[in-house]
Amino acid sequence: MGEEEDRADVSSCPSWRVTHSTSGSSDTASRSLLITLGCQMANLVTSLCCVVLAAVVVAYAQRRSQLVARNQYERMSSDVTMQCGSLDNDASVSWKVNGTDVKAQHHLEGPRLMLTGVDLSHNGLYSCFQNPHGERRDTIFLHIGIPPREPTVTCRSNTYPKGFYCSWHQLHPTYIPTTFEVDVQHNQRSLEVQKDPDHKNRCRVRFPEVFSSFPYKVNVTAVNALGKASTTISFEESSIVKPDPPERVTATPIRFNARRLEVSWHSPATWPDIDNFPLKYFLRYRPLIREQWQHVELSDSTSHTITDAYAGKEYIIQVAAKDTEIGTWSDWSVAVHATPWIEDPLPITSTTEVDFPTETKTSPIPSSNAPQKAEPPVGRAARLLTFFSPLLLGMLLLFM
């Protein structure tokens, strides 16, 4: 029975409590006291170990905080003060930026570095070192920027009646990370806003109902480390409907028609329900030699024949689309170029390239008025001598 009590005392390790056996044995009481004292010593050692471990963790965290840079955001043209960790005011420190001594206009005041009239050139990684041993005590990443201004917000429905999207941008850069918060209200309730996966500053909202008479209110707030600014716009459902431009526009000349062009196109692929929400189209065209456009508005046809084109002149052609009842015209489609049919010209031979054959007539006696070729003088003297030879011979015989 006494041994069981001893084992129970060892397992439970009571605090300064002595358990007496029913037999009143003094040995049992002594063993219980020793066990209790042992437990108390173990608890004390455990507590001391916990204290030491906590101190190590705190020292490691402090050391790590000195090695990991912390961000500090400051306004453009302002005066900036950077504190070297938690050093006392009488501590002596030196500073470096991006690994080199600070060269910008500054002054030191104990553990603080002060910069005046900062601009973007002051951006960088600043480190401070405690003298005289040069131990690094803090690292600061300085970011210079400006607070955001009211963003420019526009909303448009190119997928009517499914939904619309809103986009926004800052007219002036902030030079530091800036996020945007979007809230859309309709009929006194907030609508779900989905971020556009392809465009950074754009969100999409589904129409809760079609042909609603309640306006929509969109608020966009720009937020960064130096401040925030917001813009709110309101609009009716019908005012933001604007399809995308028609697609796959083609223009083809018509054979044997020198003044006609056949133009065709497809409705935009983003328009979800062309049957119940048809589109009308606006065609414009002009020859490249003129600046003035000619226009044709069409109901729901996706083709048109131009009948008044200038023969042989190249044309530029574009098409726009609009819901038949509400909204505004889309942007113009990509321009296409075409030239009306031109008849293949017959081959023309230049007169300078024609060789006229010369007709020659053979005759035993040349014409008297035909130009004669000059004869050499020797041949002519020989013929004269032959002509006068008989006369000379006769005169010789007479005088003899």
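What you are looking at is a predicted structure, and each value in this text was computed from that prediction instead of being measured.
- To the nearest 0.5 Å, the span separating NE2 on His169 from CZ on Arg202 amounts to 12.5 Å.
- Residues Thr152 and Thr231 fail the side-chain proximity criterion, which asks for heavy atoms closer than 4.5 Å.
- Residues Tyr73, Ile176 make up the rest of the hydrophobic cluster containing Leu226, defined by ILVMFWY side-chain heavy atoms closer than 4.5 Å, directly or through other members.
- Side-chain contact check for Ser330 versus Pro246: some heavy-atom pair is nearer than 4.5 Å.
- The two residues Arg149 and Ala229 make their nearest non-hydrogen contact at C-CB, 3.6 Å.
- Residue pairs meeting the salt bridge (Lys or Arg N to Asp or Glu O under 4.0 Å) criterion with at least one member in residues 282-297, sequence neighbours excluded: Lys280-Glu297.
- Hydrophobic clustering (side-chain heavy atoms under 4.5 Å, transitive across Ile, Leu, Val, Met, Phe, Trp, Tyr) groups Leu298 together with Ile274.
- In the hydrophobic clustering of this structure, Ile316 does not group with Trp265; members are Ile, Leu, Val, Met, Phe, Trp, Tyr whose side-chain heavy atoms approach within less than 4.5 Å, directly or through other members.
- No donor-acceptor pair under 3.5 Å is formed between the side chain of Thr174 and the backbone N or O of Gly145.
- Hydrophobic clustering (ILVMFWY, side-chain heavy atoms < 4.5 Å, transitive): Tyr310 and Trp341 are in distinct clusters.
- For Lys228, there are no salt bridge (charged side-chain N to carboxylate O under 4.0 Å, His left out) partners, not counting sequence neighbours.
- Without hydrogens or angle criteria, Gln72 side chain to Thr81 main chain gives a donor-acceptor distance under 3.5 Å.
- Few gaps surround CZ on Phe277; more than 12 heavy atoms of other groups in view lie less than 6.0 Å from it.
- Residues Asp196 and Tyr165 are not in side-chain contact: their nearest non-hydrogen atoms beyond the backbone lie 4.5 Å or more apart.
- Distance check, rounded to the nearest 0.5 Å: CZ of Phe129 to CD of Glu135 gives 10.5 Å.
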Test Ile306 against Val263 for side chain to side chain contact (heavy atoms under 4.5 Å, CB included), laying out the working first. CA-CA 7 Å; Ile306 298 174; Val263 185; 3.9 Å; yes
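- With hydrogens and angles ignored, the 3.5 Å screen pairs a side-chain donor or acceptor of Ser157 with a backbone N or O of Gly163.
- Side chains of Asn201 and Trp168 form a contact here, defined as non-hydrogen atoms less than 4.5 Å apart.
- Here the straight-line distance linking atom CZ of Arg204 with atom NZ of Lys195 works out to 15.5 Å at 0.5 Å rounding.
- Nearest heavy-atom pair, Leu279 versus Ala321, reported as atom, atom and distance to 0.1 Å: CD1-CB, 4.2 Å.
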Report the C-alpha distance between His304 and Tyr281 in whole Å, list the side-chain angles of each, state the deciding distance to 0.1 Å, and finish with yes or no for side chain to side chain contact (heavy atoms under 4.5 Å, CB included). CA-CA 10 Å; His304 178 72; Tyr281 302 96; over 6 Å; no
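- In this structure, Glu209 CD and His186 NE2 are separated by 5.0 Å, a value rounded to the nearest 0.5 Å.
- Considering only heavy atoms from C-beta on, Asp138 stays 4.5 Å or farther from Ser127 through its side chain.
- Side-chain heavy atoms closer than 4.5 Å link hydrophobic residues (I, L, V, M, F, W, Y) into clusters, and following such links, even through other members, never connects Val218 to Leu171.
- Val210 and Val241 fall within the same hydrophobic cluster, where Ile, Leu, Val, Met, Phe, Trp and Tyr residues are linked whenever their side-chain heavy atoms come under 4.5 Å apart, directly or through other members.
- Listed by first and then second residue, the salt bridge (Lys or Arg N to Asp or Glu O under 4.0 Å) pairs that reach into residues 302-320 come to none, sequence neighbours excluded.
- Atoms CD1 and CG, from Ile240 and Asn158 in turn, are 9.5 Å apart once rounded to the nearest 0.5 Å.
- Applying the ring-ring contact (aromatic ring centres under 6.0 Å, His included) criterion to Phe235, with sequence neighbours excluded, gives Phe164, Tyr216.
- Evaluation of the disulfide (SG to SG under 2.5 Å) rule for Cys155 yields Cys166 as partners, not counting sequence neighbours.
- Using a 4.5 Å cut-off on side-chain heavy atoms (C-beta onward), Asn131 and Ser94 make contact.
- Under the rule for a salt bridge (charged side-chain N to carboxylate O under 4.0 Å, His left out), the partners of Arg112 that lie at least two apart in sequence or sit in another chain are Glu109.
- Side-chain contacts under 4.5 Å among hydrophobic residues (ILVMFWY), followed directly or transitively, place Trp332 together with Phe282, Trp329.
- Between the Thr178 side chain and the Asn224 main chain, no donor and acceptor come within less than 3.5 Å of each other.
- Contact record, Thr328 with Lys322: O-CG, 3.7 Å, taken as the closest heavy-atom pair.
- Asp101 meets the salt bridge (charged side-chain N to carboxylate O under 4.0 Å, His left out) test with Lys96; sequence neighbours excluded.
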May I have the step-by-step check of side chain to side chain contact (heavy atoms under 4.5 Å, CB included) for Thr250 and Val336, ending in yes or no? CA-CA 7 Å; Thr250 60; Val336 296; over 6 Å; no
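- Looking at residues two or more places apart in sequence or on another chain, you find no ring-ring contact (aromatic ring centres under 6.0 Å, His included) involving Tyr285.
- Rounded to the nearest 0.5 Å, atoms CD (Gln294) and CD1 (Ile317) are 11.0 Å apart.
- Of all non-hydrogen atoms in Gly117 and His122, the two that sit nearest each other are O-CE1, 4.1 Å.
- In terms of heavy-atom proximity, Ala309 sits nearest to Pro340 at CB-CG, 3.8 Å.
- Between the side chains of Thr154 and Ser167, at least one donor-acceptor pair of N or O atoms lies under 3.5 Å.
- Side-chain contact between Phe180 and Lys200 is absent, with no heavy atoms from C-beta onward closer than 4.5 Å.
- In this structure, Ser303 and Glu262 approach most closely via the heavy-atom pair CB-OE2, 4.1 Å.
- Residues Thr116 and Asp79 bring no donor and acceptor atom of their side chains to less than 3.5 Å of each other.
- Side-chain contact between Tyr160 and Pro243 is absent, with no heavy-atom pair separated by less than 4.5 Å.
- When hydrophobic residues (I, L, V, M, F, W, Y) are linked wherever their side-chain heavy atoms come within less than 4.5 Å, the members clustered with Leu108 are Met76, Val80, Met82, Leu87, Val93, Trp95, Val97, Val102, Leu113, Leu115, Val118, Leu120, Tyr126, Ile140, Leu142, Ile144, Ile146, Tyr175.
- Of the possible donor and acceptor atoms, one in the side chain of Ser78 sits under 3.5 Å from a partner among the backbone N and O of Arg75.
- Identified under the salt bridge (Lys or Arg N to Asp or Glu O under 4.0 Å) test for residues 236-257, with sequence neighbours left out: Arg156-Asp244, Lys242-Asp331.
- Residue His266 places its NE2 atom among 12 or fewer non-hydrogen atoms of other residues, nucleotides or ligands, all under 6.0 Å distant.
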